[in-house]
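Input: a single structure, listed below in structure tokens.
None of the values given here were measured: they were computed from a predicted structure.
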Amino acid sequence: MKKINRLIFALSIAFAIFYNVSCKSNPVSPSEEQVEKTPDYTQEDVKKAEIERINMLLQTDPVQGLWRSVLLNDPENIEYASNYLRDVALASNEHKEYDKLYKEYNSLVTAGFKDKAEKIISRQELDSLYFQNIPGFGKSGNTGKKDSVSEYVDGTVTIWVDLGFKVQNGMGYADRVIGSGFFIDDRGYIITNHHVIADIVNPKYEGYGRVYIKLAHDEETRIPAKVIGWDAVHDLALLKTEVTPPYVFTLGASNNLKVGDKIYCIGSPLGLESTLTSGVVSSTDRKLFTTGSVMQIDAAINSGNSGGPCVDSNGKVQAIVFAGVLQHQGLNFAIPVEYLKQDLPFLYYGGKRGVAWVGGFGKTYRYGKTPAGLEIYYVTPGSPLARAGLKEKDVITAIDGKKVTSLETLQAIMRDYVPGMIVNCNYKTEDGTHKEALLYLNERPKYPGYTVYQSDIAANSFYPLFGIKMANTSTIFKNQYIITEVMKGSTADESGFSENDPITVAKTQFSDEKNALFCEFLIKRRVKGYLEVSVGVGTMLDSTYYF
């Protein structure tokens, strides 16, 4: 329930910090010499160094090693790397590590070595083994017949996270988190929100912590539960408990829901177990996640509802409650069930579910008014996009044969992947040439904008960060520029910046969590007769436009 409030109030709080806390140091962007360049493999020393790097990578990340050998385009090295990954995949198959095999097999096929992959295992057999035990996958749910909506509460649970005691003002208090969850499998698998169990899986948390559940009609018995997998970006988690569920939910398809459709939410608001509320879908496209949209609902939601199911009149789960704005009744949000269905394989195989990232920043490309791809506005130096040769103004049109018509479709496609895989990218260059490239999927940084700032000179990185392209105007004063372009709808655009304005970057500071950047600009606006004014501008270091 806290997540949406942090999203809404983050900038206002951050600005308060910026203007009330002294700046201890100004972070410095790398110089042009420090920015990682795309290797020129025509140079023999560069090629030799890359082969050495690939051979080291094969020991720790054989998929990336194969990808880089393909980029190098050295036949001998490609053959060695593909055989190495094949042998790794063989070992994964022998040890029945089907999650690893799935990534290795698909990467071999995508890189052009289908014959080597199929000698290990057939596609049909791999899919059967990989998906066969995943909870909620291809199963009907509903272990018992239910006659009314009120009986769906049997499939829900209250989740208690016991964090021991905390001391405030010299007194000890029980430190607990209460949330909701629901059964998706008769083996005792439960879905909830990541933020409900976040402390348990946080490697920096040093305290005591255990997870329990309470069944809907047994408020006294605490049943131990184990966290299996979690996805912090999409706020989902999979738990396992050793009980036979009285009811198992079926996962629906929320893309069939329309604004105005009736829905029901079940959870434990304020610790009141088995509370059922009803409402309608208010919107299906709220941009609260950085990698997708969520649903807005008007059913009553309070603290403790997090992780509960949002069902239709047939009892099918269409969304998972995750947030509400406490100050505004009826303004609540839920995660579409499609995100959960895409997450389940990765959650089931355990641990943190990383989100794929290739180092780009872009927006939907339109041919006239028709969405026709994803236009790249910026490429992070050293990223998979940069190494594969994609550039600003290229338009991505497909990933692994799946058509990309917009930023949203790319995000939906990429949710089917995890870091450590290779995908095939079709794109169109600025001159209209159609090309293909292999992309290795890195893990999305917690705050991509911070990675951008650390990887590139300010004149370049300020385009995705603030929406301004700049050119240096002094060889002596490196912080003096002239604005060459302003991105429409960007922070700079909304702040009144315009092309050809002289500008000086006077002060920069990150927030403590590195999730926001604040800059003080000295700008001479042409529209104001070149009168120099000081302008403070802040920007969040994550947004839906990073991919």
Side-chain angles (χ1 to χ4, degrees), residues 36 53-54 56-71 81 84-85 88-89 92 97-111 130 134 194 201 203 228-238 289-292 339-340 342-362 374 379-388 390 396 399-400 402 404 410-425 437-452 454-455 541-542 544-547:
E36 184 174 347
R53 173 62 177 159
I54 289 170
M56 288 190 295
L57 269 175
L58 289 172
Q59 309 297 318
T60 57
D61 188 349
V63 174
Q64 185 180 173
L66 174 59
W67 172 65
R68 289 176 68 151
S69 72
V70 172
L71 296 183
Y84 193 99
L85 182 57
V88 170
S92 296
E97 296 175 322
Y98 299 124
D99 56 330
K100 292 176 60 179
L101 177 61
Y102 193 77
K103 294 195 293 185
E104 294 153 0
Y105 185 99
N106 284 315
S107 296
L108 274 171
V109 172
T110 303
Y130 179 72
I134 295 172
H194 164 263
V201 298
I228 302 299
W230 64 94
D231 179 352
V233 173
H234 300 113
D235 202 9
L236 294 168
L238 179 67
F289 280 176
T290 54
T291 59
Y339 293 15
L340 172 60
Q342 290 178 292
D343 252 6
L344 273 171
F346 310 116
L347 298 180
Y348 170 72
Y349 282 106
K352 176 185 176 184
R353 188 265 208 257
V355 175
W357 187 68
V358 292
F361 180 96
L374 173 63
V379 174
T380 308
S383 67
L385 283 178
R387 285 188 169 274
L390 279 79
I396 296 175
I399 296 291
D400 279 351
K402 303 167 188 173
V404 174
L410 177 76
Q411 291 171 335
I413 291 169
M414 295 298 278
R415 282 194 294 270
D416 283 327
Y417 299 90
V418 287
M421 298 180 72
I422 296 174
V423 298
N424 187 62
C425 174
L438 293 182
L439 299 177
Y440 175 81
L441 303 181
N442 279 338
E443 181 167 353
R444 181 186 179 94
K446 187 174 183 180
Y447 301 115
Y450 183 66
T451 299
V452 167
Q454 290 183 308
S455 303
L541 295 179
D542 194 6
T544 190
Y545 302 113
Y546 291 104
F547 64 93

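Within the 4.5 Å cutoff, no side-chain heavy atoms of Arg387 are placed close to those of Tyr440. Between Val452 and Phe361 there is no side-chain heavy-atom pair separated by less than 4.5 Å. Residues Met421 and Asn106 are in side-chain contact: their nearest non-hydrogen atoms beyond the backbone lie under 4.5 Å apart. For the pair Phe547/Val358, a side-chain contact is recorded, criterion being any heavy-atom separation below 4.5 Å from C-beta on. Inter-residue side-chain proximity for Val70 and Trp67 is flagged as unmet; no heavy-atom pair is nearer than 4.5 Å. Side chains of Cys425 and Ile396 form a contact here, defined as non-hydrogen atoms less than 4.5 Å apart.
Between atom CG of residue Asp231 and atom CG of residue Leu347 there is a gap of 6.5 Å, rounded to the nearest 0.5 Å. Once rounded to the nearest 0.5 Å, the distance linking NE2 of His194 with CH2 of Trp230 reads 7.5 Å. Expressed to the nearest 0.5 Å, how far CG of Leu340 lies from CG of Leu344 amounts to 4.0 Å. Interatomic distance, Tyr447 OH to Thr290 OG1, rounded to the nearest 0.5 Å: 10.0 Å. Here the CG atom belonging to Leu238 is positioned 10.0 Å from the CG atom belonging to Asp343, to the nearest 0.5 angstrom. Expressed to the nearest 0.5 Å, how far CD of Glu104 lies from CG of Asp99 amounts to 9.0 Å.
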Practice item. Tell me, with the steps shown, if Lys100 and Val88 meet side-chain contact (heavy atoms from CB on, under 4.5 Å). Key: CA-CA 9 Å; Lys100 292 176 60 179; Val88 170; 5.7 Å; no
Check your understanding: When you look at Leu438 and Asn424, which way does the side-chain contact (heavy atoms from CB on, under 4.5 Å) test go after all the steps?
Key -> CA-CA 5 Å; Leu438 293 182; Asn424 187 62; 3.7 Å; yes
Exercise for review: Quick one: do Leu441 and Met414 satisfy side-chain contact (heavy atoms from CB on, under 4.5 Å)? Show the steps, please.
Suggested key: CA-CA 9 Å; Leu441 303 181; Met414 295 298 278; 3.5 Å; yes
Practice item. List the steps, then state whether side-chain contact (heavy atoms from CB on, under 4.5 Å) holds for Leu385 with Thr380. Key: CA-CA 8 Å; Leu385 283 178; Thr380 308; over 6 Å; no
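For Tyr417, the OH atom is densely surrounded, since the number of other residues' heavy atoms within 6.0 Å is greater than 12. The number of heavy atoms from other shown groups lying within 6.0 Å of NZ (Lys352) does not exceed 12.
Ring-centre distance between Tyr130 and Tyr349: below the 6.0 Å cut-off.
Between Pro384 and Trp357 the shortest heavy-atom distance is CG-O, 4.3 Å. What you find for Ile54 and Gly65 is that their closest heavy atoms are CG2-O, 3.5 Å. Between Val63 and Ser107, the closest heavy-atom pair is CG1-OG, 3.4 Å. The minimum heavy-atom distance between Ser455 and Pro381, with the atom names listed, is O-CG, 3.6 Å. Contact between Gln342 and Arg353 at its shortest, heavy atoms only, is O-NH2, 4.2 Å. The two residues Pro62 and Leu85 come nearest to each other via the heavy atoms CB-CD1, 3.9 Å.
Not a single donor-acceptor pair under 3.5 Å links the side chain of Asp61 to the backbone N or O of Leu57. No donor-acceptor pair closer than 3.5 Å links the side chain of Thr110 to the backbone N or O of Val423.
Relative to the ring axis of Tyr339, Arg415 places its NZ or CZ within 45° and under 6.0 Å from the centre.
Considering Thr451, Asp542, Thr291 in turn, Asp542 is the only one that fulfils the side-chain hydrogen bond (donor to acceptor under 3.5 Å, both in side chains) rule with Arg444.
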